[in-house]
Number of protein chains: 2
Amino acid sequence: MRSRGEAGASAGRPRSEEAHQAILGATLELLAEVGFSALTVEGVANRAGVGKATIYRRWPSKLPLVVEAFGQLPAFEDVDSGSLEGDLKAMLRTFLENFLATPLATVYPSLAAERSHNPDLGELLDPVLKGRRQPLARAFERARERGEISPDINAELAADLVVGPIAVRLFFTGMQIHPDMVEPMIDLALCGLVASPGGTS
Amino acid sequence: MRSRGEAGASAGRPRSEEAHQAILGATLELLAEVGFSALTVEGVANRAGVGKATIYRRWPSKLPLVVEAFGQLPAFEDVDSGSLEGDLKAMLRTFLENFLATPLATVYPSLAAERSHNPDLGELLDPVLKGRRQPLARAFERARERGEISPDINAELAADLVVGPIAVRLFFTGMQIHPDMVEPMIDLALCGLVASPGGTS
DNA sequence: TTCTGAACGGAACGTATAGTATCGTAATCG
DNA sequence: CGATTACGATACTATACGTTCCGTTCAGAA
């Protein structure tokens with residue numbers, strides 16, 4: 001049983017890479033416009049200008065299709081500026097820029113909601129999400145190694161602390177994030193981390 | 001044209017309050033199980049043991065039905081313990097308890113996602129959401145009046161800071177919130193607020 | 001150049017569901 | 001006790017989706 005490997009099947013018309021990208025792009029667009037559950041393979045096919053069969057030939061269902069499309073969206077960049085504050089500000093700034101420039105703002109909630117009802121999506125999506133946030137968690141770990149933050153601060157939790165407010169505004173107030181808000185958000189989060197938490201240790 | 005006011009229509013069989021509650025309850029259950037977009041009026045009718053017409057007679061569409069059902073879920077309690085830390089810990093604790101005891105954890109993401117694609121839902125839902133978070137924002141305002149936190153801290157932003165990490169864990173890690181995590185979460189958020197942010201003013 | 005085989009876009013088929021209309025029954029008011 | 005309205009149940013229509021099939025197109029092998 002040969003798989004559809006690059007050189008295995010050999011003969012025949014090769015799959016169009018152009019169609020591949022068109023499908024993924026259309027998937028992202030529709031994901032942003034109508035959400036995961038309202039996204040249909042037919043809609044993707046029409047938007048991409050391909051036949052439905054072309055999609056079913058490559059992805060068994062819309063689920064892995066959506067996850068692959070989501071994976072093409074930009075995540076946190078791995079920045080190492082030398083200080084936690086510098087890392088966070090750089091990362092969050094580009095992250096917010098990505099939110100403004102890509103469908104991330106609407107795709108994210110849609111996938112998160114579906115995830116809570118669809119365990120299959122969770123299994124496919126969770127590693128992707130974890131990978132996306134890894135640069136952020138790494139920045140906290142570097143800061144801990146540098147002694148910038150208390151060693152007993154949970155890096156995962158700290159990452160949540162930084163991303164959380166953004167997510168909340170995003171999900172519940174309809175993307176009312178102005179670039180000006182990044183600084184106070186980071187400041188607020190930072191003073192809970194860089195200031196020695198003597199009173200709470 | 002008389003409305004369906006309490007004493008206006010007078011004659012005829014009155015609407016069953018029992019059916020009303022059964023419909024709202026079934027709506028919440030299904031909202032938690034399948035999400036907003038997969039929720040069907042027919043499904044609600046079956047679950048509630050009522051006819052479809054009974055639902056359409058009272059709600060023009062599933063949208064206001066869902067919003068009304070969501071409004072029945074518990075929100076933040078208005079606690080005034082005298083200190084910000086006490087208020088936050090009490091509020092967040094009961095809030096998390098509510099998350100464990102009600103379908104909030106799955107209903108929330110579902111509505112948030114739909115909101116980003118459906119402006120009509122946003123208009124219905126936003127006042128409800130704002131009202132739910134008001135006790136939290138009020139606690140911050142009281143703290144500011146007491147001088148517990150810097151007067152130039154944005155109460156809305158601070159509320160986001162506290163709720164954010166919970167929302168993130170909830171949405172993207174599948175409700176991995178243990179009650180034990182409440183304390184460190186609050187501590188982390190608090191030291192950014194009660195500690196005078198001299199370096200960032 | 002010709003042949004082969006897989007992928008292509010488009011169309012057809014069967015299924016499912018939303019929303020409406022209608023029925024006979026039940027319940028309250030005058 | 002009659003009038004009026006709501007009730008649960010069923011049938012119906014229209015739409016939309018997933019899936020499969022079909023004739024055509026294209027790249028590589030002979």
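First the proteins, then the strands, lettered A, B, ... as listed; each starts at 1. What's counted below: heavy atoms across the whole structure, side chains too, no hydrogens, waters or symmetry copies.
Following rounding to the nearest Å, A:Tyr56 (OH) and D:dC17 (C1') show an atom-to-atom distance of 8 Å. To the nearest angstrom, C1' of D:dA27 lies 15 Å from CZ of A:Arg15. Atom P of nucleotide D:dC17 and atom CG of A:Leu30 are separated by 11 Å, given to the nearest angstrom. Per the geometry, CD1 belonging to B:Ile55 stands 9 Å off P belonging to D:dG8, to the nearest Å. Rounded to whole Å, the distance from CD on B:Glu18 to C1' on C:dT28 is 16 Å. Remark: C1' of C:dG9 and NE2 of A:His20 are 18 Å apart, rounded to the nearest angstrom. Going from atom CZ of B:Arg57 over to atom C1' of C:dA27 covers 13 Å, rounded to whole Å. For the pair B:Trp59 CH2 and C:dG19 P, the computed distance is 15 Å after rounding to whole Å.
Of the residues near DNA chain C, B:Ala38 and A:Gly51, the one whose nearest nucleotide (by heavy atom distance) lies more toward the 5' end is A:Gly51. Residue-to-nucleotide proximity on DNA chain D shows that, of B:Gly49 and B:Lys52, the 5′-proximal contact is made by B:Gly49. Place B:Val41 and A:Ala19 on DNA chain C by their nearest nucleotides, and A:Ala19 ends up nearer the 5' end.
Between the side chain of A:Arg146 and the backbone N or O of A:Gly82 there is at least one donor-acceptor pair closer than 3.5 Å.
No hydrogens or angles considered: nothing links the side chains of B:His20 and B:Arg15 as a donor-acceptor pair under 3.5 Å.
Applying the 4.0 Å criterion to OP1 and OP2 of C:dG9, one finds that A:Thr54 has a side-chain N or O inside that range.
Among the heavy atoms of the strands lying under 4.0 Å from A:Ala53 is at least one base atom, whether or not backbone atoms are also near.
Both the sub-6.0 Å distance and the 45° axial angle are not jointly satisfied by B:Arg132 relative to the ring of B:Phe95.
Atom CZ in B:Arg133 sits 12.5 Å away from atom CE in B:Met91 (nearest 0.5 Å).
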